[in-house]
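Let me begin by presenting the structure, written as structure tokens, before commenting on it.
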Amino acid sequence: MSEDLISKKELLDMTGISYGQLYRWKRKNLIPEDWFIRKSSYTGQETFFPRHKIMPRIDKILNMKDGLSLDELADVFSPSLGEIYLSAGEILDRNIVSSSALNLYIQVTGHSERFAFDKVLTLYMLDKLLQSGDISLDEGQLLVGTLEEHFPSFAGKDGQLMLIRKMGVAAFILLTPGSTICFDQGVKLVTTLFMAQCTEELKLKIGGSEG
């Protein structure tokens, strides 16, 4: 089998969860249906999972289930954008993003009223790349423009944002799930952000800063 897949038996053995827990979490939408991959094996039909997705998800569920209900967890893990509106002051007071990211976003877009969740998500992705040192402020302006123009097409999907460089020049690429992209040898892939993961992180950060 592919090294990227883990069998259901191996998953249950490694995590210590039960068959019943696994399928209850599936019914509650904590684990997406399309992560359950049926494949033929020497024993007949077996269920496998994408290892790099299921292992972190199980770990998060186990660590968070005592503090949140399963329905609340399902909302955190959902790629859908929440009905959340925050002012610039709330964003800064609750330490959701840095003032540098917020000021840069306002400079590019002129938007300074209450921010819907998709705008806060753009801010969050911008801040992640600024804080990591992967982009400059000028490249941050390019990122904001790219997300503002194309983000609606990717809302609620597990899209990817890729940052590449060629001869020192940065470019951002937005990909839908399952897309294949090939680069020439002069292109360096700097980093990739997964929108569903950023959405999940942001929901947790907003929830954790409430009150």
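Heavy-atom basis, side chains included; hydrogens, waters and symmetry copies ignored.
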Legend entry - Nearest atoms (heavy-atom pairs only) where L12 meets S18: CD2-O, 3.8 Å

Legend entry - Least distance between heavy atoms, I106 atom then H111 atom: CG1-O, 3.1 Å

Inset, instruction - I would like to know whether L147 and L174 meet side chain to side chain contact (heavy atoms under 4.5 Å, CB included); could you show each step before the answer? - result: CA-CA 9 Å; L147 290 175; L174 288 169; 4.0 Å; yes

Inset, instruction - May I ask you to test the K39-E46 pair for a side-chain heavy-atom distance under 4.5 Å? - result: no

Legend entry - In one Ile/Leu/Val/Met/Phe/Trp/Tyr side-chain cluster, 4.5 Å: M195, I173: no

Legend entry - Minimum heavy-atom distance K8-Y19, with the two atoms named: NZ-CE1, 3.5 Å

Legend entry - CG on D59 to CE on M64, rounded to 0.5 Å: 10.5 Å

Legend entry - Under-4.0 Å salt bridge between E33 and K26: yes

Between side-chain atoms of residues 182-192 and protein atoms elsewhere (two or more places apart, or another chain), which donor-acceptor pairs fall under 3.5 Å?
{"from": "D184", "atom 1": "OD1", "to": "G186", "atom 2": "N", "distance (Å)": "2.7"}
{"from": "D184", "atom 1": "OD2", "to": "K166", "atom 2": "NZ", "distance (Å)": "3.1"}

Legend entry - Linked, directly or transitively: M14 and W35 (ILVMFWY side chains, under 4.5 Å): yes

Inset, instruction - Check whether any side-chain N or O of E90 sits under 3.5 Å from a backbone N or O of S87 as a donor-acceptor pair, and report yes or no. - result: yes

Inset, instruction - Measure from the side-chain N and O atoms of K205 to the backbone N and O of I96, and report whether any donor-acceptor pair falls under 3.5 Å. - result: yes

Inset, instruction - With salt bridge (Lys or Arg N to Asp or Glu O under 4.0 Å) as the test, would you mind laying out the steps for R57 and E200 before giving the verdict? - result: CA-CA 11 Å; R57 177 61 58 88; E200 178 184 316; 3.5 Å; yes

Legend entry - Side-chain heavy-atom pair L143, L163 within 4.5 angstrom cut-off: no

Legend entry - Single-linkage hydrophobic cluster M125~F194, side-chain heavy atoms < 4.5 angstrom: no

Inset, instruction - Look at the aromatic rings of F36 and F49 and report parallel, tilted or perpendicular, splitting at 30° and 60°. - result: perpendicular

Inset, instruction - Might you work through the side-chain hydrogen bond (donor to acceptor under 3.5 Å, both in side chains) test for E148 and Y105, ending with a clear yes or no? - result: CA-CA 10 Å; E148 284 290 294; Y105 180 87; 2.8 Å; yes

Legend entry - Minimum side-chain heavy-atom gap F48-D4 below 4.5 Å: no

Inset, instruction - Check the surroundings of atom CD in E113: do more than 12 heavy atoms from other residues, nucleotides or ligands lie under 6.0 Å from it? - result: no

Inset, instruction - For residues M55 and L11, determine if any side-chain heavy atom of one lies less than 4.5 Å from a side-chain heavy atom of the other. - result: yes

Inset, instruction - Identify whether Y124 and L193 are in the same connected component of the hydrophobic contact network (ILVMFWY, side-chain heavy atoms under 4.5 Å). - result: yes

Legend entry - Salt bridge present between R51 and E10 (N-O < 4.0 angstrom): yes

Legend entry - Non-hydrogen atoms of L70 and L30 that approach each other most closely: O-CD1, 3.3 Å

Legend entry - Y23 with I58, same ILVMFWY side-chain cluster at under 4.5 Å: yes

Legend entry - Residue pair I37 / T47, side-chain heavy-atom distance below 4.5 Å: no

Legend entry - Minimum heavy-atom distance I135-G140, with the two atoms named: CD1-CA, 3.8 Å

Inset, instruction - List the atom of T15, the atom of L62, and the distance in Å for their closest heavy-atom pair. - result: O-CD1, 4.3 Å

Inset, instruction - Please lay out, stage by stage, how I61 and Q21 fare under the test side chain to side chain contact (heavy atoms under 4.5 Å, CB included). - result: CA-CA 11 Å; I61 294 171; Q21 280 179 301; over 6 Å; no

Inset, instruction - Would you check, one step at a time, whether the test side chain to side chain contact (heavy atoms under 4.5 Å, CB included) holds for D138 with L142? - result: CA-CA 7 Å; D138 286 344; L142 176 62; over 6 Å; no

Legend entry - 4.5 Å side-chain heavy-atom contact, L73 and W25: no

Inset, instruction - Answer yes or no: are there more than 12 heavy-atom neighbours, outside R114 itself, under 6.0 Å from its atom CZ? - result: yes

Inset, instruction - Go through the steps to decide whether S69 and D71 satisfy the test side-chain hydrogen bond (donor to acceptor under 3.5 Å, both in side chains), and finish with yes or no. - result: CA-CA 5 Å; S69 70; D71 288 335; 5.2 Å; no

Legend entry - Main-chain N/O of S99 paired with N103 side-chain donor or acceptor, under 3.5 Å: yes

Inset, instruction - Could you tell me whether E201 and K128 have a side-chain N and a carboxylate O separated by less than 4.0 Å? - result: yes

Inset, instruction - With the side chain counted from C-beta on, respond yes when V144 and Q141 share a heavy-atom pair under 4.5 Å apart, and no when they do not. - result: no

Inset, instruction - For D127 and L123, indicate whether the former's side chain and the latter's backbone hold a donor-acceptor pair under 3.5 Å. - result: no

Legend entry - Side chain proximity check, F117 to T122, heavy atoms < 4.5 angstrom: no

